[in-house]
Amino acid sequence: MKLQVFNSLTRQKEEFVPLRGKKIGLYTCGPTVYNFPHIGNLRTYIFEDILKRALKKNGFMVKHVMNVTDVGHLVSDADEGEDKMESSAMAQQKTAGQIANFYLKIFKADIRKLNIKSPNTWCRATDHIREQINFIKGLEEKGFTYRTSDGIYFDSSKITDYGKLANLDLTGLKAGARVEASIKKKNQTDFALWKFSPANKKRQQEWKSPWGIGFPGWHIECSAMSQKYLGETFDIHCGAIDLKPIHHTNEIAQSEALNDAPPARYWIHGEFLDLGDTKMSKSKGGFITLDDLIKKKYNPLAFRYLTFATHYRTKMNFSFEALDSAQKTIDNIYKDISTWSRPSKGSAEYEDKFFSAVNDDLNMPKAIAIMHDMINDPKLGTARKKRSILKFDSILGLDFAKVRKQAIKIPRHIQKLAHDRQTLRVAGQYDQADIIRQQMEKIGYSVNDTAEGPTISRI
Ligand code: AMP
Ligand code: ZN
């Protein structure tokens, strides 16, 4: 089966068809570095990592770009309120740059611990002010912008299909309606491209521009940087669903306005991780970090594994009970692998089923169920299981290859019992053979009949 993905733009599952041969461009919205990344954010980066690994498995070379939002993301999505970076810097009596470096370092360490493959290009908004200004200039030349007392805004009413990504119902959001909510804008769905620094206050982060001293709006960074590193139209753009109605909608509007071409062909969104019945949120606080889990002695990969139990387009409710169970499950898999023989030829049947599930819009719950069926298949030899599970790990990223083979010493008398049992089986005396098997189990050893002969393991 070829790779199928759910495209938010068409609202359906589609076969992934690259734009330009085998080299594909992937842009994933990165962290806003004003606070610790939490396990909700990390769930999104794990789903994107699975997508990237699936693309590679399907023979594509992925150029992956991730931005780092270190300016311009305001507390309110309506372009009002404090800049998250500036207020965090103020609260911690640090510079915005120090805050950004501190949290970015933690983010990078977290993704490493979760075996999330690093992007090829990291790009920070503050390193691309020129590109953002040029982008806005282009929009201005084409007549898509207007000036208010606090900045340069994008006129969304000039776009006929504004809001198509999220299928926004624009009744009530169009010109005139609810404009009192933000008196500076012509239309509720207009958004800031460039904000002026307040007249009475010097911002830490501000730059000169053709319109006055200020800073870029949040959405422009992703359009300017994705275009710089991946071209006007690239293959895939990802994020979690909160980005769909505003951030990604506005990226599409401004990029299409400038280039007369869509920025990305596929838009793929992951659902939230919830704590209790609310979304885990960086700004609201009360979240759980990867370090919190590590301090409680969980393996970060247990969290990675836990995320596979819920399809990426379904809400995941985090609980420590579920994490306990994930931890036990991967420990048991590691234990099993440690007793398995050197890998031989894998099982084509299980591999086919596993990779078909992955290719079916990253159906990881199904993929791990298939992996467990294989582990528990008494007819499949451990050497074959080992080869296949190592292949599965190219997607799972659970470090199966690092599991050392434990030389479990089987005592002589147990080996003799197994040998006697096998002689009885060969002679067709299955009842007698079964009695020996039960005897072995009583003293803590199980025997498995595989294609390569019986194998003994500790219970
Ligand atoms: P931020 O650092 O807040 O800009 O978010 C980084 C990424 O995490 C974005 O793709 C968000 O959409 C995503 N995200 C934020 N909160 C959650 C959550 N509770 N569950 C899953 N993803 C989230
Ligand atoms: Zn973005």
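We use all heavy atoms of the structure for the numbers below, so side chains are in, but hydrogens, waters and symmetry mates are not.
A donor-acceptor contact closer than 3.5 angstrom links the side chains of His64 and Thr28. Residues Thr10 and Glu14 bring a donor and an acceptor atom of their side chains to less than 3.5 Å of each other. Between the side chains of Glu351 and Ser388, a donor-acceptor pair is found at a separation under 3.5 Å. Looking at His269 and Ser8, their side chains do bring a donor and an acceptor atom within 3.5 Å of each other. Asp83 and Gln205 share no side-chain donor-acceptor pair at under 3.5 Å.
One finds a salt bridge joining Glu349 and Lys353 here, because a Lys/Arg side-chain nitrogen approaches an Asp/Glu carboxylate oxygen to under 4.0 Å. Looking at Lys13 and Asp360, a side-chain N of the basic residue comes within less than 4.0 Å of a carboxylate O on the acidic one, giving a salt bridge. Salt-bridge check for Asp420 with Lys416: passed, with a basic side-chain N closer than 4.0 Å to an acidic carboxylate O. The residues Asp49 and Arg53 are annotated as salt-bridged, a charged nitrogen and a carboxylate oxygen being separated by less than 4.0 angstrom. Between Lys23 and Asp235, none of the side-chain N atoms (NZ, or NE/NH1/NH2) sits under 4.0 Å from a carboxylate O, so this pair counts as no salt bridge. A salt bridge does not link Glu271 with Arg313: every distance from a Lys NZ or Arg NE/NH1/NH2 to an Asp or Glu carboxylate oxygen is 4.0 Å or more. Classification of Arg437 and Asp434 as a salt-bridged pair holds, one side-chain N sitting under 4.0 Å from a carboxylate O. Here Arg421 pairs with Asp449 in a salt bridge; the nearest charged N to carboxylate O distance falls below 4.0 Å.
Ring-plane geometry between His247 and His219 is classed as tilted, the angle between the planes lying from 30 to 60 degrees on a 0 to 90 degree scale. The aromatic rings of Tyr305 and His372 stand perpendicular to each other, their planes meeting at an angle above 60°, with 30° marking the opposite boundary.
Around NZ of Lys279, the count of heavy atoms belonging to other residues, nucleotides or ligands within 6.0 Å exceeds 12. Heavy atoms from other residues, nucleotides or ligands lying under 6.0 Å from CG of Asp431 number 12 at most. Around the CZ atom of Arg20, the shell of radius 6.0 Å holds more than 12 heavy atoms that belong to other residues, nucleotides or ligands. When the shell of 6.0 Å around NE2 of His419 is examined, it contains 12 or fewer heavy atoms from other residues, nucleotides or ligands. Atom CZ of Arg11 has more than 12 neighbouring heavy atoms from other residues, nucleotides or ligands inside a 6.0 Å radius.
A donor-acceptor contact shorter than 3.5 Å links the side chain of Lys142 to the backbone of Ala257. Using modelled atom types, one side-chain atom of Ser394 and one backbone atom of Lys391 make a donor-acceptor pair closer than 3.5 Å. In this structure, Asp190 contributes its side chain and Ser156 its backbone to a donor-acceptor pair below 3.5 Å. A donor-acceptor pair under 3.5 Å links the side-chain atoms of Gln327 to the main chain of Asn299, judged by distance alone. Judged by distance alone, with hydrogens and angles left aside, the side-chain atoms of Thr339 form a donor-acceptor pair with the main-chain N or O of Asp336 at under 3.5 Å. Proximity of a side-chain donor or acceptor of His38 to a complementary backbone N or O of Asn41 within less than 3.5 Å is detected. Looking at Asn67, its side chain never comes within 3.5 Å of a backbone N or O of Cys123 through a donor-acceptor pair. A distance-only check finds no donor-acceptor pair linking the side chain of Asp274 to the backbone of Met280 [under 3.5 Å].
Rounding to the nearest 0.5 Å places CZ of Phe47 at 14.0 Å from CG of Leu273. Rounding to the nearest 0.5 Å places CD1 of Ile268 at 5.0 Å from CG of Leu51. The NE2 atom of His248 sits 11.5 Å away from atom CD1 of Ile246, with the distance rounded to the nearest 0.5 Å. Note: Phe16 CZ to Asn7 CG = 10.5 Å, rounded to the nearest 0.5 Å. A distance of 8.0 Å separates OG1 of Thr160 from NZ of Lys164, quoted to the nearest 0.5 Å. The CG atom of Asn35 sits 9.0 Å away from the OG atom of Ser281 when rounded to the nearest 0.5 Å.
Pairing each heavy atom of Arg304 with each of Leu114, the nearest pair is NH1-O, 2.9 Å. Residues Arg124 and Asp70 approach most closely at NE-OD2, 3.2 Å, considering heavy atoms. Shortest non-hydrogen contact noted between Ile395 and Phe355 is CG1-CE2, 3.7 Å.
With Trp122 as the aromatic partner, Lys108 meets the cation-pi criteria of under 6.0 angstrom to the ring centre and within 45 degrees of the ring axis. Figure legend: Lys22 and Phe60 shown as a cation-pi pair, the cationic atom lying under 6.0 angstrom from the six-membered ring centre and within 45 degrees of its axis.
Remark: of the listed residues Phe36, Tyr45, Tyr34, Phe102, Tyr45 is the sole one forming a ring-ring contact (aromatic ring centres under 6.0 Å, His included) with Phe107.
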